[in-house]
Trainee: 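Here it is, the structure in full.
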Amino acid sequence: MDQELDRNEIERLYNLKAKERMQIERQPMPEQEPDVRRANFSEVPFGYFPMAAIVEANRCIQCKKPTCVIGCPVGVNIPGFVRRIAEGDFEGAIHVIKETNMLPAICGRVCPQEQQCEEACVLAKKGQAVAIGRLERFAADWEREHGLADVPPIGADTGKSVGVVGSGPAGLTVAIDLRRAGHAVTIYEALHLPGGVLMYGIPEFRLPKAIVNAEVDVVQQMGVDIEYNTIIGQIETVDELLDRHDAVFLGTGAGLPWFMDLPGENLCGVYSANEYLTRCNLMRAYDFPNYDTPIAASERIAVVGGGNVAMDVARTAVRLGAEEVYLIYRRSEAEMPARLEEIHHAKQEGVILKLLHNPVRYIGDEQGRVCQVECVRMELGEPDASGRRRPVVVEGSEHTIDVDTVVVAIGNGPNPLVPRTTDNLEVDPKRGTVVTNLNTMRTSKRGVFAGGDIAVGAATVILAMGHGRQAARSINHFLATGVWDIDELPEAFRENGAG
Amino acid sequence: MNEILENVVLADSVNRYLVAAPKIAARRKAGQFVIVRIDEFGERIPLTIADADPEQGTITLVVQAVGKSTAQMATLKPGDRLLDVVGPLGAPTHIERVGTVAVVAGGIGIAPAHPVAQAFKQAGNTVIAILGARSKNLLIMEDEMRRAADEVIVCTDDGSYGCPGLVTHVLNDLIDTRGKPDQVFAVGPVPMMKYVSLLTREYGIPTMVSLNPIMMDGTGMCGGCRVTIGGHTKFACVEGPDFDGHLVDFDELMQRQAFYKEQERVAYERYVQRCRSQEHIAQANQSL
Ligand SMILES: Cc1cc2nc3c(=O)[nH]c(=O)nc-3n(C[C@H](O)[C@H](O)[C@H](O)COP(=O)(O)OP(=O)(O)OC[C@H]3O[C@@H](n4cnc5c(N)ncnc54)[C@H](O)[C@@H]3O)c2cc1C
Ligand SMILES: Cc1cc2nc3c(=O)[nH]c(=O)nc-3n(C[C@H](O)[C@H](O)[C@H](O)COP(=O)(O)OP(=O)(O)OC[C@H]3O[C@@H](n4cnc5c(N)ncnc54)[C@H](O)[C@@H]3O)c2cc1C
Ligand code: SF4
Ligand code: FES
């Protein structure tokens with residue numbers, strides 16, 4: 001327990017009435033000033049100091065029927081851990097979180113809380129939700145910084161082994177839970193580093209790689225074997241893995257970048273978001289020439305898209321020194337799928353939003369380098385299938401913007417490599433996802449389970465984690481009973497695995 | 001794993017490496033490649049598997065030093081390890097029994113052509129290899145090609161060896177004097193592949209080319225390797241690297257390859273400078 005905690009203050013806060021608690025302002029999280037952070041890749045928020053966390057935790061009124069828990073895709077016991085922070089028992093808090101969430105330092109940073117737990121918080125309706133994400137992050141950081149993160153106990157050897165394809169959040173979670181149950185686990189990872197999108201996609205300034213590495217260390221300390229540079233579908237097939245393993249989990253994510261098929265899209269200087277971010281994050285092009293991988297030295301860059309990925313690209317471009325960063329999005333700000341915090345941060349950092357704009361072609365110079373993007377203006381018409389108003393082109397609104405770089409960030413689909421090279425694996429023909437029962441996480445192929453983005457299309461870290469956890473339960477059941485054809489997991493296998 | 005067992009100079013700035021990579025050696029097929037990262041700071045560079053010995057668990061890479069990474073690789077000694085080797089990547093070359101196949105290779109392209117020539121031969125084809133180099137001292141793997149193919153015709157730009165001229169001239173002569181081969185496979189500098197394809201299109205000879213755009217992951221995740229084939233975008237690392245030469249937009253490929261010229265120059269000059277200053281230090285230490 002921390003020494004410097006003001007015990008009297010903790011005591012006073014603890015005895016507040018519900019009405020008084022609701023008067024407390026949501027505690028801001030200190031962060032780097034926009035002008036400073038524009039020039040570095042360090043994490044933007046610093047995180048709560050202990051007393052701020054305690055004050056924030058005291059805003060929670062400890063509902064009897066906590067709606068926030070329903071809002072959390074994995075059902076973290078939110079009032080339980082928030083209460084312990086309020087008491088100054090940070091170690092207790094992290095233990096409560098880790099009963100259900102193995103990667104809280106990551107989720108606390110990247111979960112879209114305002115659409116999940118915090119949206120469902122009763123205080124949200126009356127004003128401002130408890131800052132659940134910030135508190136989760138605080139507890140996890142506190143544990144790591146105090147060197148208390150312990151390696152979960154490993155079950156007695158079952159003699160069974162499982163192959164996990166992909167080391168993103170889905171693969172890491174399933175590996176942890178399977179080791180806990182005593183199975184041998186090998187992760188096969190295509191790249192030279194673990195973590196999937198956590199490592200190559202989400203930038204350092206939002207998710208420091210040291211945090212991802214700390215989580216991977218735990219996985220390795222548990223005795224999970226990670227084989228890097230191993231592309232399943234090329235060096236070995238899933239069918240071959242099944243010869244060696246009793247079950248296989250597919251956590252290969254949604255790594256295939258979409259393009260828009262516009263004229264000029266293959267000009268030099270037109271990137272996919274994946275390429276731009278991977279060059280910068282995984283290959284450290286921001287530190288070129290200390291690292292060998294180059295990236296365009298852009299002055300005027302257009303990012304196409306309105307989600308988290310587009311925000312990450314735009315904010316990366318700012319840090320790489322671009323003078324003007326345009327974000328081209330075909331609807332209005334209200335429809336942007338990106339997290340509010342990211343839009344806010346991007347605007348603070350000088351990203352220029354070109355809303356209700358859509359690119360129609362890219363124009364190149366004589367060396368084949370992109371020099372202009374031609375856009376049309378859009379207006380919002382009738383609601384479409386997604387419930388959002390459909391953008392329609394304004395006739396005669398064509399105009400050009402001078403740029404030297406374009407990054408297409410309109411989304412990713414599942415990489416077809418594994419589906420294409422696996423016999424009898426049912427794939428959704430439209431979306432390219434592996435058809436998966438979201439209760440049992442079983443695919444159409446005996447012994448093969450799937451979860452995360454490969455099962456549902458590009459989604460979230462916490463959903464991938466939840467899938468990993470559920471898949472581990474289902475794999476445990478399969479390995480114990482040998483029964484494949486089930487629709488629902490028996491109660492017993494739903495409850496354990498946690499804790 | 002990934003240990004360099006041999007590093008032999010084949011020609012000016014061309015080295016042949018024997019690398020321990022048992023799994024890849026057992027798996028690879030003609031036309032496939034690996035991606036190599038030399039060290040912690042390294043770029044991921046694609047290199048064709050020029051040969052493999054599944055029993056010894058080794059692969060052969062033949063690499064021309066053209067910039068920082070490839071120059072650095074040339075300094076590695078037996079016993080050194082490459083940090084990362086991933087593969088086999090790409091789709092294997094489509095090998096079929098068609099009759100006579102002309103394998104046209106220029107410069108460093110002879111290395112990737114070698115396993116392809118072997119495979120066509122093994123499938124029962126008559127293989128005529130046309131090898132081009134700028135001059136005699138740059139010609140590589142002539143003996144290996146003679147073993148792999150039924151016939152080898154060498155030409156050099158400066159006439160210092162074999163017949164003088166370009167591979168396209170030799171191919172044209174071949175067609176004129178002995179009739180059309182049933183298929184052409186071309187690999188080498190992009191302009192060479194372009195002119196071979198233009199020529200074979202005139203004669204209507206099916207032609208495969210092996211493309212070498214800038215790549216990064218090699219898994220279809222970044223799209224940096226995209227090429228335009230018959231008006232459609234393809235990711236060369238997974239859908240290639242072989243494509244129908246009559247459909248490739250070679251000019252776009254050349255422009256895309258040149259995109260990082262400036263940064264590549266910076267990286268190379270910095271590397272050379274560092275090597276020099278290290279040599280200075282070593283010399284100074286010796287004279288002490
Ligand atoms: C730029 C970006 C920003 C994002 N921001 C957020 C955010 O703020 N909050 C949030 O919740 N979500 C965010 N997401 C989404 C989130 O990252 C994903 O939903 C999540 O990572 C999916 O996890 P996964 O384990 O299914 O797959 P991934 O994280 O994609 O990992 C898949 C892994 O499998 C490997 N692999 C693929 N194919 C093979 C193969 N054939 N053989 C071996 N290995 C293979 C890949 O190399 C990769 O390491 C973001 C995504 C991106 C791209
Ligand atoms: C499928 C494929 C197979 C290849 N096989 C061989 C081979 O067997 N032997 C051989 O010598 N070379 C081969 N290459 C080319 C080799 O990858 C490049 O020469 C090498 O990456 C150059 O790196 P560098 O740092 O030394 O030079 P740089 O100075 O960085 O670049 C020199 C030139 O090489 C090309 N290049 C640079 N980076 C890459 C990259 N990441 N991917 C592809 N090309 C790049 C560019 O056109 C550039 O202008 C192959 C390329 C591909 C795509
Ligand atoms: S895991 Fe995500 S949704 Fe669940 S409580 Fe934590 S921040 Fe909220
Ligand atoms: S090299 Fe990245 S998709 Fe081909």
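We name chains A, B, ... by the order of the sequence lines, and we start the count at 1 in each one. Note that the structure is a prediction, hence the values are computed from the model and not measured.
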Trainee: Is A:L282 in contact with chain B via its backbone, its side chain, both, or neither, using a 4.5 Å heavy-atom distance?
Mentor: neither

Trainee: I'd like to know which of A:N290, A:T230, A:L417 tops the heavy-atom pair count under 4.5 Å against chain B.
Mentor: A:N290

Trainee: Any Lys/Arg nitrogen of B:R256 or B:E252 sitting under 4.0 Å from an Asp/Glu carboxylate oxygen of the other?
Mentor: no

Trainee: If we define contacts as heavy-atom pairs under 4.5 Å, which of A:G233, A:G269, A:A190 has the most with chain B?
Mentor: A:G269

Trainee: Side chain, backbone, both or neither: which part of A:R284 has an atom under 4.5 Å from a heavy atom of chain B?
Mentor: neither

Trainee: Given heavy-atom pairs under 4.5 angstrom as the criterion, report whether the side chain, backbone, both or neither of A:N412 touches chain B.
Mentor: neither

Trainee: Do A:D404 and A:R369 meet the salt-bridge criterion of a basic N to acidic O distance under 4.0 Å?
Mentor: no

Trainee: Measure distances from A:Q367 to the heavy atoms of chain B and classify the residue's part below 4.5 Å as side chain, backbone, both or neither.
Mentor: backbone

Trainee: Report the relative orientation of the aromatic rings in B:F41 and A:Y291; use parallel for angles under 30°, tilted for 30 to 60°, perpendicular for over 60°.
Mentor: tilted

Trainee: Measuring heavy-atom distances to chain B, does A:Y228 have an atom under 4.5 Å in its side chain, in its backbone, in both, or in neither?
Mentor: neither

Trainee: Minimum heavy-atom separation for B:L83 to B:E40, with atom names?
Mentor: CD2-N, 3.4 Å

Trainee: Answer with side chain, backbone, both or neither: which region of A:A296 has an atom nearer than 4.5 Å to a non-hydrogen atom of chain B?
Mentor: both

Trainee: Let me know if A:Y200 has heavy atoms under 4.5 Å from chain B in its side chain, its backbone, both or neither.
Mentor: side chain

Trainee: Of the listed residues (A:N274, A:D261, A:L267), which shares the most heavy-atom pairs with chain B below a 4.5 Å separation?
Mentor: A:N274

Trainee: How about A:D225 and A:Q220: does a side-chain donor come under 3.5 Å of a side-chain acceptor?
Mentor: no

Trainee: Are B:F185 and B:H94 close enough that their ring centres sit under 6.0 Å apart?
Mentor: no

Trainee: Are more than 12 heavy atoms from other residues, nucleotides or ligands located less than 6.0 Å from atom CD of A:E299?
Mentor: no

Trainee: Could you tell me which portion of A:V408 (side chain, backbone, both or neither) has an atom closer than 4.5 angstrom to a non-hydrogen atom of chain B?
Mentor: neither

Trainee: Considering only heavy atoms, which portion of A:E227 lies under 4.5 Å from any heavy atom of chain B: side chain, backbone, both, or neither?
Mentor: side chain

Trainee: For the OH atom on B:Y195, are there more than 12 heavy atoms of other groups (residues, nucleotides or ligands in this structure) within a distance under 6.0 Å?
Mentor: no

Trainee: Can you tell me which of A:G364, A:G368, A:S272, A:P294 forms the most heavy-atom pairs within a distance under 4.5 Å of chain B?
Mentor: A:P294

Trainee: So does B:Y268 have more than 12 non-hydrogen atoms from other groups sitting under 6.0 Å from OH?
Mentor: no

Trainee: At a heavy-atom separation under 4.5 Å, does A:L277 approach chain B through its side chain, its backbone, both, or neither?
Mentor: neither

Trainee: Taking side chain as everything from C-beta outward and backbone as N, CA, C, O, which of these in B:M221 sits under 4.5 Å from a heavy atom of chain A? Side chain, backbone, both or neither.
Mentor: both

Trainee: Is it the case that B:T233 and A:N266 place a side-chain donor and acceptor less than 3.5 Å from each other?
Mentor: yes

Trainee: With a 4.5 angstrom heavy-atom cut-off, could you sort out which part of B:A258 is near chain A: side chain, backbone, both or neither?
Mentor: backbone

